[in-house]
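Heads up: the structure comes next, in structure tokens.
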Amino acid sequence: MGLSCLGGFESIQVYRDETRNPVKTIPRATYLTVVFLAGFYGIGSYVYLIAHGTGPAMATAADPTNAFMASIAAYTGTFMQQLGYVLTWSSAAAALLAIHNIAARYVFALARDGVFPRWLARVHPRYKSPSTAAVAVSVTLLVVALAPATFQLDPVVGYTMQYGLASWCMVALFAGTALATVVFFARNRHLHVSVWKRLVAPVVALCGMSVVLYLATVQREALFGSAELGALGIGFLILVALGGALYARWLKARRPEVYERIGDQEENGVLVPLEHPPAIEEDEDFTPQVTARPEDVPGT
């Protein structure tokens, strides 16, 4: 659960096309975000332990939210406690908006590449934002949010299950990304990347995330609220992953042009409509970052 609270830094990659020098900007932003999140989380945990003491802090684990707010009231007064509630709700709303924005961009990018239906890549005629993808994401999230009420499930059970699915899936994606990094650089040895970036860092990340994923699977009752529901949820996610892998294999065999285009950074941050691409004004200070694929380089 603690690791899931640090999620979000991986979404920085979505804005790669919108930076002038993504090779430097994206890694720096990622490292700074991780340091800030980990530091903030560590300081918050330390303050909580100081407020309650080690023994009482463990005893308040059953109701951490009210216990944390109670400690604020005890040390700073009722006004700061109420302010803490306001900041908690406002930060939750901001997090939901950020998740929606990132999800819409992922859907737009996959639709533009041809993985999802092309109509999802349509943009707003005036603001050039991924409006169609945003609406699709909104409708999907609304259906997911209303699912517990629709099926008359216990709200605590239903939303705990959804949280568990999202957390387990995020850790699995982190581990899969670390493994994919190792495999990619092993297959593309001609790329001049330091040993730390192509081997050491991803292997360390893979080991750490694998341990967390194992613990999340073994202790799924704490994550999902029920061992049985946890097993069903994890099984569902595995089936989705297998379906995605089969779809990718099908694209590679039947639609190789779509498969090769997945993840290309070609629009330099401009959301281009499918029907009438707008003219892009020249900026003498802006240098597009284009990365040649191995098959495009003679002799590779």
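Within a 6.0 Å sphere centred on CD of Q82, other residues, nucleotides and ligands contribute more than 12 heavy atoms. Atom CD of Q152 is surrounded by 12 or fewer heavy atoms from other residues, nucleotides or ligands within 6.0 Å. Residue-environment remark: OH (Y159) exceeds the threshold of 12 foreign heavy atoms within 6.0 Å. Under a cut-off of 6.0 angstrom, the local environment of OH in Y247 is crowded, with over 12 non-hydrogen atoms contributed by other residues, nucleotides or ligands.
Here the options are L239, L213, L223, T217, the test is side-chain contact (heavy atoms from CB on, under 4.5 Å), and the partner is I234; only T217 passes.
Counting only distance, with no hydrogens or angles, the side chain of R220 and the backbone of S226 share no donor-acceptor pair below 3.5 Å. Between the side chain of R261 and the backbone N or O of D113 there is at least one donor-acceptor pair closer than 3.5 Å.
Considering all non-hydrogen atoms of both residues, G225 and T160 come closest at N-CG2, 4.0 Å. Heavy-atom minimum distance, F108 versus A121: CE1-O, 3.2 Å. Between A253 and P256, the shortest heavy-atom distance links the atoms O-CD, 4.3 Å. Looking at every heavy atom in both residues, A104 comes nearest to A134 through CB-CA, 3.8 Å. Looking at every heavy atom in both residues, L237 comes nearest to W168 through CD1-CE3, 3.5 Å.
Residues M161 and L153 are not in side-chain contact: their nearest non-hydrogen atoms beyond the backbone lie 4.5 Å or more apart. In this structure, the side chains of F236 and L232 stay at 4.5 Å or more apart for every pair of heavy atoms. Side chains of P27 and K197 form no contact here, defined as non-hydrogen atoms less than 4.5 Å apart. Side-chain contact between F116 and V107 is present, with at least one heavy-atom pair separated by less than 4.5 Å. At a threshold of 4.5 Å between non-hydrogen side-chain atoms, the residues V258 and E260 do not count as touching. The shortest side-chain heavy-atom distance between F184 and R198 does not fall under the 4.5 Å cut-off.
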Next item on the list: Apply side-chain contact (heavy atoms from CB on, under 4.5 Å) to T88 and M69, showing your working.
Entry: CA-CA 10 Å; T88 300; M69 293 302 174; 3.1 Å; yes
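When the side chain to side chain contact (heavy atoms under 4.5 Å, CB included) test is applied to L142, the partners found at least two apart in sequence or on another chain are L146. With sequence neighbours left out, A205 forms a side chain to side chain contact (heavy atoms under 4.5 Å, CB included) with A178. In this structure, Y106 has no ring-ring contact (aromatic ring centres under 6.0 Å, His included) partners at least two apart in sequence or on a different chain.
The CH2 atom of W119 sits 7.5 Å away from the OG1 atom of T132 when rounded to the nearest 0.5 Å.
Ring geometry for H124 versus Y127: interplanar angle of 30 to 60°, hence tilted.
Taken together through direct or relayed side-chain contacts under 4.5 Å among Ile, Leu, Val, Met, Phe, Trp and Tyr, Y41 and V47 form parts of separate hydrophobic clusters.
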